[in-house]
J.: 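One structure follows; several queries about it will come next.
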Amino acid sequence: MNDVARNLVAVKQRISEAAERSGRTADSVSLVAVSKTWPVDHVQLAVDAGQNIFGENKLQEGQDKIPAMDQSLEWHYIGGLQRNKVRKVLDLFHWVHSIDSLKLAKYTDGVAADLGVKPKVLLQVNIGAELSKGGFTLDGLGEQFSEMVALENIELRGLMCIPPAVAEPDQARKFFKAMVTLRDELIDKHRVELPELSMGMSGDFEVAIEEGATMVRVGSSIFGGRNYQK
Ligand SMILES: *Cc1c(COP(=O)(O)O)cnc(C)c1O
């Protein structure tokens with residue numbers, strides 16, 4: 001077995017144990033394998049090991065890899081999204097995790113109508129209220145949520161967050177809890193379905209699952225450490 005295949009087995013085992021601790025089964029959590037910086041042949045090792053959901057944070061990398069790989073794979077765009085990239089992102093990716101403003105949601109809705117696609121989207125929440133990070137503020141999301149629910153060409157599936165960097169995974173727990181509370185409040189108030197919570201990365205995915213994550217975005221624990229110099 002190669003390293004990627006071995007890592008995948010280990011990550012899935014940890015997902016399954018964390019899901020059990022939260023009273024759920026492993027199949028209630030989808031694993032988005034974050035393949036950013038890795039070339040097609042390395043990503044293919046994960047496909048050969050049975051992985052079929054992948055995440056990228058740059059359009060250019062998606063353009064390089066997605067058309068070159070099996071067309072049955074599901075691709076999630078998880079990076080910051082500028083308007084001028086929306087059309088190409090919707091052409092390639094099935095999910096967008098990073099809708100971070102009402103303006104971008106409306107724009108994406110218009111492009112989706114134009115292209116005749118209906119992307120699944122998540123709203124990114126700046127759960128740690130960090131100045132350096134994008135995403136909806138809690139207040140902003142509350143005020144603008146109904147306008148986003150009304151958009152008909154995007155399928156609003158849930159919320160995503162990248163919590164503040166912490167020394168110990170357990171310190172991220174309060175942010176994951178806050179995401180669950182926020183999601184539950186939105187469901188209560190707007191009577192919508194909001195089934196997905198995309199939270200948890202290599203360093204903290206088990207804590208995220210214990211608190212209710214339904215999607216974890218895991219890169220380095222599967223593919224190895226990234227080299228951005230390459
Ligand atoms: C890179 C990235 C991940 C994966 O990070 P790892 O720590 O390597 O698991 C998850 N989410 C986003 C938005 C990322 O950019």
Side-chain angles (χ1 to χ4, degrees), residues 1-57 61-62 65-66 69-70 72-79 93-95 97-98 120 122 124 127 157-180 183 194-228:
M1 229 197 265
N2 60 68
D3 281 352
V4 169
R6 217 184 337 264
N7 291 343
L8 257 176
V9 171
V11 166
K12 283 187 193 163
Q13 179 64 29
R14 289 166 61 192
I15 288 175
S16 155
E17 287 167 9
E20 235 168 71
R21 289 195 293 278
S22 77
R24 295 183 292 157
T25 53
D27 60 11
S28 66
V29 181
S30 13
L31 171 59
V32 179
V34 177
S35 46
K36 65 188 186 195
T37 76
W38 294 105
V40 164
D41 54 355
H42 197 66
V43 184
Q44 184 62 36
L45 296 173
V47 177
D48 295 341
Q51 179 64 24
N52 54 14
I53 307 176
F54 292 90
E56 289 286 345
N57 69 339
E61 284 201 63
K65 292 174 217 179
I66 298 173
M69 300 194 67
D70 195 295
S72 68
L73 302 178
E74 183 179 283
W75 291 89
H76 292 228
Y77 189 79
I78 63 174
F93 290 84
H94 310 98
W95 285 73
H97 289 223
S98 41
K120 296 183 166 73
L122 306 177
Q124 182 170 350
I127 196 66
R157 298 284 295 167
L159 307 179
M160 176 271 216
C161 77
I162 306 171
V166 290
E168 294 294 329
D170 208 58
Q171 295 172 303
R173 190 179 298 277
K174 64 172 188 237
F175 299 109
F176 299 138
K177 278 192 200 289
M179 288 291 287
V180 172
R183 192 265 321 264
L194 224 44
E196 306 292 350
L197 278 179
S198 167
M199 53 190 200
M201 313 183 4
S202 288
D204 57 13
F205 69 85
E206 287 151 302
V207 176
I209 292 168
E210 286 167 14
E211 295 305 327
T214 64
M215 290 182 159
V216 291
R217 309 177 309 269
V218 180
S220 44
S221 291
I222 296 171
F223 294 107
R226 286 180 292 272
N227 177 2
Y228 288 96

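Worth knowing before you read on, the calculation uses all heavy atoms, side chains too, and leaves out hydrogens, waters and symmetry mates.
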J.: Got V216 and E206 here, is their nearest side-chain heavy-atom distance under 4.5 Å?
T.: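 In short, these two side chains do not touch, never coming nearer than 4.5 Å.
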
J.: Is it the case that the side chain of N2 and the backbone of A5 share a donor-acceptor pair, with hydrogens and angles ignored and the cut-off at 3.5 Å?
T.: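 A pair under 3.5 Å: yes.
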
J.: For the atom pair CG (L159) and OG1 (T214), what is the distance rounded to the nearest 0.5 Å?
T.: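 Result: 9.5 Å between the selected atoms.
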
J.: Apply the test side-chain contact (heavy atoms from CB on, under 4.5 Å) to residues E210 and R173: give CA-CA distance (whole Å), side-chain angles for both, the deciding distance (0.1 Å), then the verdict.
T.: CA-CA 9 Å; E210 286 167 14; R173 190 179 298 277; 2.9 Å; yes

J.: Is there a side-chain contact between M199 and V180 (heavy atoms, below 4.5 Å)?
T.: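 Of all side-chain heavy-atom pairs linking V180 with M199, at least one is under 4.5 Å.
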
J.: Tell me if a side-chain donor or acceptor on S16 pairs with a main-chain N or O of A26 at a distance below 3.5 Å.
T.: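 Absent.
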
J.: Can you sort out the partners of E196 under salt bridge (Lys or Arg N to Asp or Glu O under 4.0 Å), two or more places apart, ordered by chain and number?
T.: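 Expected list: R157.
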
J.: Run the side-chain contact (heavy atoms from CB on, under 4.5 Å) test on H76 and R217 for me, step by step, so that the C-alpha distance in whole Å, both residues' side-chain angles and the decisive distance to 0.1 Å come before the verdict.
T.: CA-CA 10 Å; H76 292 228; R217 309 177 309 269; over 6 Å; no

J.: Please evaluate residues V34 and N57 with respect to the criterion side-chain contact (heavy atoms from CB on, under 4.5 Å), reporting the C-alpha separation (whole Å), side-chain torsions for both, the decisive distance (0.1 Å), and the verdict.
T.: CA-CA 8 Å; V34 177; N57 69 339; over 6 Å; no

J.: Stepwise, does the side chain to side chain donor-acceptor pair (under 3.5 Å) test hold for E211 with S22?
T.: CA-CA 7 Å; E211 295 305 327; S22 77; over 6 Å; no

J.: Return yes if some donor-acceptor pair links the side-chain N/O of N7 with the main-chain N/O of I222 below 3.5 Å, else return no.
T.: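 The answer is yes, because a donor-acceptor pair under 3.5 Å joins these two groups.
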
J.: How close do M160 and H97 get, counting heavy atoms only, and between which atoms?
T.: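 Of all heavy-atom pairs spanning M160 and H97, the closest is CB-O, 3.4 Å.
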
J.: Do R14 and I209 come within less than 4.5 Å of each other through their side chains, counting heavy atoms only?
T.: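 They are not in side-chain contact.
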
J.: Would you check, one step at a time, whether the test side-chain contact (heavy atoms from CB on, under 4.5 Å) holds for D204 with Q171?
T.: CA-CA 9 Å; D204 57 13; Q171 295 172 303; over 6 Å; no

J.: Can you tell me how far the CH2 atom of W75 sits from the CD1 atom of I53, to the nearest 0.5 Å?
T.: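 So the CH2 of W75 and the CD1 of I53 are separated by 11.5 Å.
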
J.: Is any side-chain heavy atom of K65 less than 4.5 Å from a side-chain heavy atom of F54?
T.: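 Side chain of K65 against side chain of F54, heavy atoms only: no contact under 4.5 Å found.
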
J.: With rounding to the nearest 0.5 Å, note down the distance linking CD1 in I127 to NZ in K177.
T.: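 Rounded to the nearest 0.5 Å, the CD1-NZ separation comes out at 13.0 Å.
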
J.: Please report the closest heavy-atom contact between R24 and S28, naming both atoms and the distance.
T.: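 Between these two residues, the closest heavy atoms are CB-OG, 3.4 Å.
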
J.: Any side-chain heavy-atom pair from V32 and W95 closer than 4.5 angstrom?
T.: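 No, side chains not in contact.
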
J.: Taking all non-hydrogen atoms of both residues into account, name the closest pair between S35 and E56 and its distance.
T.: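 In this case the closest contact between S35 and E56 is OG-OE2, 2.7 Å.
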
J.: Main chain of Y228, side chain of T37: is a donor-acceptor contact present, judged purely on distance under 3.5 Å?
T.: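 No; judged by distance alone, with no hydrogens or angles, the pair does not exist.
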
J.: Please table the atom pairs, donor to acceptor, closer than 3.5 Å between any side-chain atom in residues 39-49 and protein atoms at least two apart or in another chain.
T.:
residue: H42; atom: NE2; partner: F223; partner atom: O; Å: 3.0
residue: Q44; atom: NE2; partner: D48; partner atom: OD1; Å: 2.8

